[in-house]
Amino acid sequence: MLKASQWFRWFAAATSRRDVLHGIAVLAPGLVGLLAEPAEAGKKRRAPQLNEFGCVDVGKGCRGKDELCCSGICQGKAPKRGKRDRSKCVAHNTGGCLPGQETVATPCGTGGFCARTTGNAGFCLMPATGICTNCRKDAECEAALGPGAACVLNPLSCLGQPALCIATAA
């Protein structure tokens, strides 16, 4: 293989356009191969997008791992290497409450009201069943209050706590 200085001398000595074109034609495939990135090298796997509670919101990618979701429920399988992540965090016990809805004036379920979880999901809560804790994920609340409990945003009930555990009315 010729060194760079040898290629430069060869181009400098070329006397016709035909010689220059021939040199370009010879070099082009090698240069393209050197400059082109492998298909996998250009793709980077993005880390899951965590919210201020350190978990993934409902509707966002979770790589097939329940523990990444604030709700504790990741729907879909973990993606294979090089494949697109199609798994998403999903809500539970919504009782008809919409994502991001946080008004306790909206009735739901069996005597409950809508609230917003730390994962930005609508959740149908049972009034007067909360425990003032500094929760981040629903799994922490299920351990204290049983299946279906959630960690909801807390604007007033527990001063100084951003969220509290509460049982479901759905």
Side-chain angles (χ1 to χ4, degrees), residues 31-170:
L31 290 175
V32 169
L34 289 174
L35 296 175
E37 292 182 10
E40 290 297 314
K43 294 181 183 177
K44 290 186 179 181
R45 296 181 82 172
R46 291 190 333 185
Q49 187 178 10
L50 303 179
N51 65 18
E52 66 268 22
F53 295 99
C55 50
V56 178
D57 286 339
V58 168
K60 304 283 184 182
C62 53
R63 300 206 175 276
K65 297 179 182 177
D66 290 336
E67 63 273 7
L68 290 175
C69 299
C70 297
S71 66
I73 306 169
C74 180
Q75 194 171 61
K77 297 179 186 176
K80 293 183 181 178
R81 187 162 179 84
K83 298 292 181 183
R84 186 169 179 251
D85 181 14
R86 297 188 187 278
S87 59
K88 303 274 186 229
C89 292
V90 294
H92 63 90
N93 299 81
T94 62
C97 299
L98 302 173
Q101 189 173 25
E102 58 182 312
T103 173
V104 291
T106 307
C108 63
T110 55
F113 297 97
C114 292
R116 184 167 62 118
T117 68
T118 54
N120 202 30
F123 180 75
C124 187
L125 63 84
M126 178 61 73
T129 60
I131 298 175
C132 291
T133 63
N134 193 12
C135 60
R136 294 173 148 325
K137 297 181 179 183
D138 294 353
E140 299 166 31
C141 298
E142 287 181 337
L145 295 172
C151 185
V152 298
L153 296 181
N154 174 26
L156 302 172
S157 302
C158 302
L159 296 175
Q161 302 291 338
L164 75 136
C165 289
I166 201 141
T168 183

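This is a predicted model, so every value here is computed, not measured. One is the number of the first residue; the rest follow in order along the sequence. Side-chain atoms are counted along with the backbone in the values below, which use heavy atoms only and exclude waters and symmetry mates.
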Supply the atom-to-atom distance [X] [atom1] to [Y] [atom2], rounded to the nearest 0.5 angstrom.
{"X": "C97", "Y": "R116", "atom1": "SG", "atom2": "CZ", "value": "13.0 Å"}
{"X": "K88", "Y": "R86", "atom1": "NZ", "atom2": "CZ", "value": "9.0 Å"}
{"X": "Q161", "Y": "I131", "atom1": "CD", "atom2": "CD1", "value": "12.0 Å"}
{"X": "D138", "Y": "I73", "atom1": "CG", "atom2": "CD1", "value": "8.0 Å"}

Stepwise disulfide bond (SG atoms under 2.5 Å apart) check, C108 with C114: CA-CA 6 Å; C108 63; C114 292; 4.2 Å; no

Answer yes or no: is there a donor N or O on one side and an acceptor on the other, between the side chain of [X] and the main chain of [Y], under 3.5 Å?
{"X": "E142", "Y": "G148", "answer": "yes"}
{"X": "S87", "Y": "G64", "answer": "yes"}
{"X": "T110", "Y": "A169", "answer": "yes"}
{"X": "T129", "Y": "I166", "answer": "no"}

Least distance between heavy atoms, [X] atom then [Y] atom:
{"X": "C89", "Y": "C62", "answer": "SG-CB, 3.6 Å"}
{"X": "R63", "Y": "D85", "answer": "N-OD2, 2.9 Å"}
{"X": "C165", "Y": "T133", "answer": "SG-OG1, 3.4 Å"}
{"X": "C151", "Y": "A163", "answer": "SG-CB, 3.5 Å"}
{"X": "A150", "Y": "T117", "answer": "CB-CG2, 4.2 Å"}

Flag side-chain contact, heavy atom, 4.5 Å: L68 against C74: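 A side-chain contact is absent here, since even the closest heavy-atom pair is not under 4.5 Å.
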
Close side-chain approach of L164 to V152, heavy-atom, < 4.5 Å: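 Side-chain contact under 4.5 Å: yes.
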
E67 atom CD, over 12 foreign heavy atoms within 6.0 Å: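 Above 12, so yes.
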
With a cut-off of 3.5 Å and sequence neighbours excluded, list every side-chain donor-acceptor pair involving residues 51-61.
from: N51; atom 1: OD1; to: F53; atom 2: N; distance (Å): 2.8
from: N51; atom 1: OD1; to: G54; atom 2: N; distance (Å): 3.3
from: N51; atom 1: OD1; to: C55; atom 2: N; distance (Å): 3.3
from: N51; atom 1: ND2; to: D57; atom 2: OD1; distance (Å): 2.6
from: N51; atom 1: ND2; to: T118; atom 2: O; distance (Å): 2.9

side-chain hydrogen bond (donor to acceptor under 3.5 Å, both in side chains) partners of T94, counting only residues at least two apart: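 In terms of side-chain hydrogen bond (donor to acceptor under 3.5 Å, both in side chains), with neighbours along the sequence ignored, T94 is linked to no residue.
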
Qualifying ring-ring contact (aromatic ring centres under 6.0 Å, His included) pairs with a residue from residues 77-97, counting only residues at least two apart or across chains: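 Counting only pairs at least two positions apart or across chains, the ring-ring contact (aromatic ring centres under 6.0 Å, His included) contacts touching residues 77-97 are H92-F123.
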
